[in-house]
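Right, one structure below, let's go through it.
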Number of protein chains: 2
Amino acid sequence: MSRQDILNRLREHDVSPTSQRIEVAEVLLSRPQHLSADQIIDRLNELGSRVSKATVYNTLKLFSKNGLVKECNVDPSRRYYDSTTHAHHHFYNVETGELTDIPEDRVTIMGLPRLPNGTERESVEILIKIKSS
Amino acid sequence: MSRQDILNRLREHDVSPTSQRIEVAEVLLSRPQHLSADQIIDRLNELGSRVSKATVYNTLKLFSKNGLVKECNVDPSRRYYDSTTHAHHHFYNVETGELTDIPEDRVTIMGLPRLPNGTERESVEILIKIKSS
DNA sequence: TATCGCGTTAGAATTAGTCTATACTTCGCA
DNA sequence: TGCGAAGTATAGACTAATTCTAACGCGATA
């Protein structure tokens, strides 16, 4: 994903492109992946860029509020951010912690009950936990 | 759920029934519900029973390892424990944090891809996030 | 009674994430 | 060019859930 693509995606989501936000986006959006705040900070440090912890957290919160990335709560001890935002599902290897995307297009769910009164659906996510056989 | 039922369920899952474990089980298993460690500690205190924080955590870990309860990772800031262990799904109200069970029996999922090589399925969970409309 | 093993405990340690108060940047405008 | 406001970034203090540690209790068994 080129720098120009990054800039476009930030603008599309009403995120003004500061240099720190661009750096975080470059790390997270460069390819489909799931990273925690900590991993992003480490990666930024490796790349020699200096973005503070607070800014990384602020930025991730902003990105997910604006739909640029999705929060992923599989590992109970940390929050992961998913660079793939269109609806999709996950394999989660409980032994390794590895998280893999499942595209949504062919998946159909039938027989769900209706939603509780006065509520509407925000998302439907399937999580398939797997382990080595 | 009677005290005898509690004892049976502990035994069925190879958990030796100490008095602290029985007390935690009485709180958590008394009816279908989702509780955090903290909520369990509060409840125990209300009931006048004195079980240490460390023991509650140890006990919940043991229970879930032995399949007596299920961990529920919806709220990224704390772990919930689900007294319903047979396969089922959840509505999660993102505004209130309320978690509601969806029985599995009528739900069918089609079109899932095959599992990654060398892995087997441990569970399939659907999480439907809802908000007030 | 001595000891062994398991469970429990208080409190310290850890750690992801949040908050606070300060400083920097940008930009409109006189 | 200078100034102020708004928006951002930052270090470091703080919070809260969970884990760890090291000591203690206690029943069973030799």
Side-chain angles (χ1 to χ4, degrees), chain A residues 6-7 10-11 13-28 34-45 47-66 68-82 94 97 99, chain B residues 6-7 10-11 13-28 34-45 47-66 68-82 94 97 99:
Chain A
I6 297 277
L7 288 172
L10 292 178
R11 290 215 189 82
H13 293 273
D14 292 318
V15 173
S16 44
T18 68
S19 72
Q20 290 87 343
R21 288 171 184 170
I22 293 169
E23 291 184 272
V24 171
E26 278 173 344
V27 166
L28 183 51
H34 310 88
L35 295 175
S36 66
D38 237 45
Q39 291 174 322
I40 291 172
I41 292 168
D42 287 350
R43 189 79 189 102
L44 288 170
N45 287 337
L47 296 172
S49 94
R50 321 193 99 280
V51 182
S52 73
K53 185 176 66 148
T55 298
V56 171
Y57 277 100
N58 291 341
T59 300
L60 290 172
K61 196 174 279 184
L62 178 68
F63 282 6
S64 76
K65 182 164 72 75
N66 288 24
L68 201 82
V69 302
K70 274 177 73 174
E71 266 184 30
C72 223
N73 302 315
V74 235
D75 180 334
S77 69
R78 60 180 50 61
R79 224 165 281 198
Y80 280 89
Y81 291 89
D82 190 336
V94 296
L99 197 57
Chain B
I6 298 278
L7 288 171
L10 292 177
R11 289 216 189 82
H13 292 273
D14 293 317
V15 172
S16 45
T18 68
S19 72
Q20 290 88 340
R21 289 170 183 171
I22 293 169
E23 290 183 273
V24 171
E26 278 173 342
V27 167
L28 183 51
H34 311 89
L35 296 175
S36 65
D38 236 46
Q39 290 174 322
I40 290 172
I41 292 167
D42 287 350
R43 188 80 188 103
L44 289 170
N45 287 337
L47 296 172
S49 94
R50 323 196 99 279
V51 181
S52 73
K53 189 178 60 152
T55 298
V56 172
Y57 277 98
N58 291 341
T59 301
L60 290 173
K61 195 174 280 184
L62 178 68
F63 283 6
S64 74
K65 182 165 73 76
N66 289 23
L68 200 83
V69 301
K70 275 178 71 174
E71 267 186 27
C72 225
N73 302 316
V74 236
D75 180 335
S77 69
R78 57 178 55 60
R79 223 165 282 200
Y80 279 87
Y81 291 88
D82 191 335
V94 295
L99 197 57

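Residue numbers start from 1 in every chain, and the chains themselves are labelled A, B, ... in the order their sequence lines are given, proteins ahead of strands.
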Give the minimum heavy-atom separation between [X] and [Y], together with the two atoms involved.
X: B/Tyr80; Y: B/Ser36; answer: CD2-N, 3.6 Å
X: A/His34; Y: A/Gln39; answer: O-OE1, 3.9 Å
X: A/Leu10; Y: A/Ala25; answer: CD2-CB, 4.5 Å

Using the rule given for side-chain contact (heavy atoms from CB on, under 4.5 Å), can you reason through A/Phe63 versus A/Lys61, listing the C-alpha separation, both sets of side-chain angles and the distance that settles it, and then say yes or no? CA-CA 5 Å; A/Phe63 282 6; A/Lys61 196 174 279 184; over 6 Å; no
Without swapping roles, check the side chain of A/His13 against the backbone of A/Asn66 for a donor-acceptor pair under 3.5 Å. yes
Could you go through the side-chain contact (heavy atoms from CB on, under 4.5 Å) check for A/Ile41 and A/Val51 one step at a time? CA-CA 8 Å; A/Ile41 292 168; A/Val51 182; over 6 Å; no
What residues 16-25 of chain B contributes to the DNA chain C interface at heavy-atom separation below 4.0 Å is B/Ser16, B/Thr18, B/Gln20, B/Arg21
Name every residue in residues 48-60 of chain A that has at least one heavy atom under 4.0 Å from any atom of DNA chain C, in order of residue number, or write none if there are no such residues. A/Lys53, A/Ala54, A/Tyr57
Distance-only donor-acceptor check, side chains B/Ser77 and B/Asp75, under 3.5 Å: yes
For a quick check under 3.5 Å, do A/Arg21 and A/Thr55 share a side-chain donor-acceptor pair by atom type?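 There is no such pair (donor and acceptor under 3.5 Å, judged by atom type) between the side chains of A/Arg21 and A/Thr55.
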So if I apply the side chain to side chain contact (heavy atoms under 4.5 Å, CB included) rule between B/Val69 and each of B/Asp82, B/Val24, B/Leu28, B/Leu35, which one comes out positive?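 Of B/Asp82, B/Val24, B/Leu28, B/Leu35, side chain to side chain contact (heavy atoms under 4.5 Å, CB included) with B/Val69 is met by B/Leu28 alone.
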Going 5' to 3' along DNA chain D, which are the first and last nucleotides with any atom under 4.0 Å from a heavy atom of chain B?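 Reading along DNA chain D, I get D/dA17 to D/dC20.
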Write down the distance between [atom1] ([X]) and [atom2] ([N]), rounded to a whole number of angstrom.
X: B/Asn73; N: C/dA16; atom1: CG; atom2: P; answer: 16 Å
X: A/Asp42; N: C/dT15; atom1: CG; atom2: P; answer: 13 Å
X: B/Arg78; N: C/dT18; atom1: CZ; atom2: C1'; answer: 14 Å
X: B/Leu44; N: C/dT9; atom1: CG; atom2: C1'; answer: 15 Å

Scan B/Ser77 against the nucleic acid and name what it touches under 4.0 Å (heavy atoms): base, sugar-phosphate only, or nothing. sugar-phosphate
Nearest 0.5 Å please: distance from the CZ atom of A/Arg43 over to the CG atom of A/Asp38.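 Rounded to the nearest 0.5 Å, the CZ-CG separation comes to 14.5 Å.
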Check the phosphate of C/dG17 against A/Arg79, side-chain N and O only, distance under 4.0 Å to OP1 or OP2. Yes or no? yes
Evaluate side-chain contact (heavy atoms from CB on, under 4.5 Å) for A/Leu99 paired with A/Cys72, printing each intermediate quantity in order. CA-CA 10 Å; A/Leu99 197 57; A/Cys72 223; 3.8 Å; yes
